[in-house]
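Report on the structure given below.
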Amino acid sequence: MKKEIQLAGFGGQGIVLSGVVLGEAAILDGLNAVQTQSYGPESRGGAARADVIISDTPIDYPKVVSPDILVVLSQPAYDKYGGQVGKQGLLIIDSDLVQCDDDALGVPFSKMADELGRRIVANVIMLGTLAKVSGCVTRDSLERAVLRNVPKGTEELNLSALDAGFRSA
Amino acid sequence: MEKQEYDAIRKLLGESPAFIQGDVACAYGAVLAGCRFFAGYPITPATETAESMAALMPRIGGTYIQMEDEIASIAALIGASWAGEKTMTTTSGPGFSLMQENIGYACMTETPCVIVDVQRSGPSTGQPTEPAQGDMMQARWGSHGDYEIIALVPNSVQECLDLVIEAFNLAERFRVPVIVLTDGEVGHMREKTVIPEFEDVEHVERTRPTGPKESYVPFGGGAAAVPPMGSFGLGYRTYVTGLTHTEKGLPATSSAEEHTKLVSRLCEKIRQASDSLVRLEERYLDDAEFAVVSYGITSRVALSAVRLLRRRKRKVGYLRLIGLWPFPEEQLFRLGKQVKGILVPEMNLGQMYHPIREAVRGKCRVAHLPKIGGEIHTPAEIVEAVERLMAGGRR
């Protein structure tokens, strides 16, 4: 089993952190994972991308060649990477932020996050959706990985966000 | 290191396997190896090591100092090492350039220390967030004069941890600065990383003088000797200077004889041990007619490419340089005799290509596949270059 996952958006959306959580969940599932990232020198607002490869065998080349799953949370990210997803691949978009003609699973992550009270958890909702539709990590490991990476005091909010993601798909 | 001390550190490092960045793994390796002094100046993409050390050091009785710059950082390392500590700093290209003079000073004064250089695109400030392999030659020749150095190149997060431990042990054994050359990609990459158990961590301590204090000779011994180090406070009087010095450590700046003896010994202590310093990974080489020779992050791509080529029934092998300096000349010569051609992919416009070509001494063709700008090679690029080499092309 090998899954190449690419997450793209703009800086500040928690793109890189989502990749970290996803990779860590895979490790907790006993799999191998590599997470790499690319971002500009800006702390927010620039383009952000995280690549995650999950495999049950050692991973040599650490970058995504042709994503099995591509998540785009901004229009510029879609314009740049949208074409890279393979024929068998799955494209997930924030339906309020991205307009696209391709066959895509659109979920209003940001709006759902606003409804939960904090837009900042949109990425966690996205992880729930991603895990539900792809099955690349187990829900249990993903919950543990989320809890290991979020600030104290936000556990409940983040678990609700994850749950919202699982229920969205 | 005692088991009790290890256990206390181990507890701070959290669960294993961990999902951590290469930079953080360097910090983990350092504290497990016994590093208790870190001085540095933050720089992308090396800052995470400093951050980790800042969090860890105060909790294990160590010292973390953020210095005013990289010149001061390595100077502090040298002082702390003479005070008996195992020391490390981390930096990237611009900071590594600033450190060069004092790296020479550490070589001349035979001061063990570890320098992690998380390479980024240069020259100058270049592309701060992008990886490169542009400091391979600077690691070897960056300071002036004649000297030998040890440099190791990890290609995974696990190896960052493992090779930093090894770097400390080699620094102690040979009394030299040891440079660990990672890059922005390995430094920022997160991977599954196993934190080694107490029994699996080797701890080498520098040899201390034992004889009578009055007759102590701090820089003596035979032509390739690593003299016992009388760190400050032990009572063995040592004069430490970057000037050419006698066995007693006193300046002898006009003596051709003393200079030749000292500097030859500094080189010979590494050169004569070079067989024991060979660190290579070899795969698919038994029947190989062509080979890809690579190091660091590029080797991960090279291995993918070699596997793709093997699926096409191409007899292509893979050799990875883990120990970069001293350069494994003999092993490359042998490879050159075995194969018809070697491809050297690297993230610079031509660095390790040159010593490889020199080592091969014309026994086979050597083609270069440079790439700069911040993106690592793709497997397809290496596959294509190997196919070109097999078809008889030079580049």
Side-chain angles (χ1 to χ4, degrees), chain A residues 2 4-7 11 15-44 46-67 80-81 84 137 141-142 144-149, chain B residues 14-22 24 43-45 48 120-121 125-131 155-158 183-194 281 283 292 294 296-308 318 320 345 373-383:
Chain A
K2 187 177 174 191
E4 297 193 356
I5 301 150
Q6 195 159 67
L7 313 165
I15 296 289
V16 172
L17 182 63
S18 308
V20 175
V21 170
L22 191 60
E24 195 157 332
I27 298 296
L28 292 170
D29 278 334
L31 299 165
N32 290 305
V34 182
Q35 180 265 331
T36 59
Q37 54 210 328
S38 77
Y39 58 91
E42 313 89 347
S43 58
R44 54 186 65 79
R49 192 184 104 190
D51 284 8
V52 183
I53 302 177
I54 298 173
S55 174
D56 52 7
T57 55
I59 300 159
D60 305 325
Y61 182 61
K63 294 278 183 180
V64 168
V65 184
S66 161
K80 191 166 177 191
Y81 303 113
Q84 288 176 16
V137 291
S141 294
L142 189 55
R144 282 169 63 201
V146 165
L147 293 177
R148 273 157 69 153
N149 283 284
Chain B
E15 288 176 49
S16 177
F19 192 60
I20 51 173
Q21 291 185 308
V24 175
I43 183 168
T44 302
E48 291 82 357
R120 74 188 211 189
S121 289
T125 356
Q127 298 171 290
T129 59
E130 304 292 353
N155 79 347
S156 68
V157 175
Q158 182 72 54
D183 61 73
E185 198 69 47
V186 173
H188 279 167
M189 178 194 283
R190 283 180 183 80
E191 276 186 300
K192 181 158 120 177
T193 308
V194 176
E281 184 191 358
R283 295 199 199 197
V292 182
S294 59
I297 188 65
T298 312
S299 66
R300 305 266 297 245
V301 193
L303 184 57
S304 279
V306 168
R307 289 199 164 120
L308 288 167
Y318 163 93
R320 170 164 76 103
E375 288 285 325
I376 66 175
H377 291 75
T378 64
E381 286 168 349
I382 294 181
V383 165

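Order of the sequence lines fixes the chain letters, A, B, ..., with proteins taken first and strands second; residue numbering starts at 1 for each chain.
Comparing Q127(B), H377(B), Q21(B), E191(B) by how many heavy-atom pairs each has under 4.5 Å with chain A, the most go to E191(B). Ranked by heavy-atom pairs shorter than 4.5 Å toward chain B, the options L31(A), V34(A), L28(A) are led by V34(A).
The OG1 atom of T36(A) sits 8.5 Å away from atom CD1 of I297(B), with the distance rounded to the nearest 0.5 Å. If you take CZ on R300(B) and NZ on K63(A), they are separated by 11.5 Å, rounding to the nearest 0.5 Å.
At a threshold of 4.5 Å between non-hydrogen side-chain atoms, the residues E24(A) and R190(B) do not count as touching. Residues I27(A) and E15(B) have side chains not in contact (no heavy-atom distance under 4.5 Å, counting atoms from C-beta outward).
Of residues 49-62 of chain A, those residues lying under 4.5 Å from chain B by any heavy-atom pair are I59(A), D60(A), Y61(A), P62(A).
The shortest heavy-atom contact between F19(B) and V20(A) is CE2-O, 3.4 Å.
At a 4.5 Å heavy-atom cutoff, I20(B) makes no contact with chain A through either its backbone or its side chain. Neither the backbone nor the side chain of S156(B) comes within contact range of chain A; no heavy atoms are under 4.5 Å apart.
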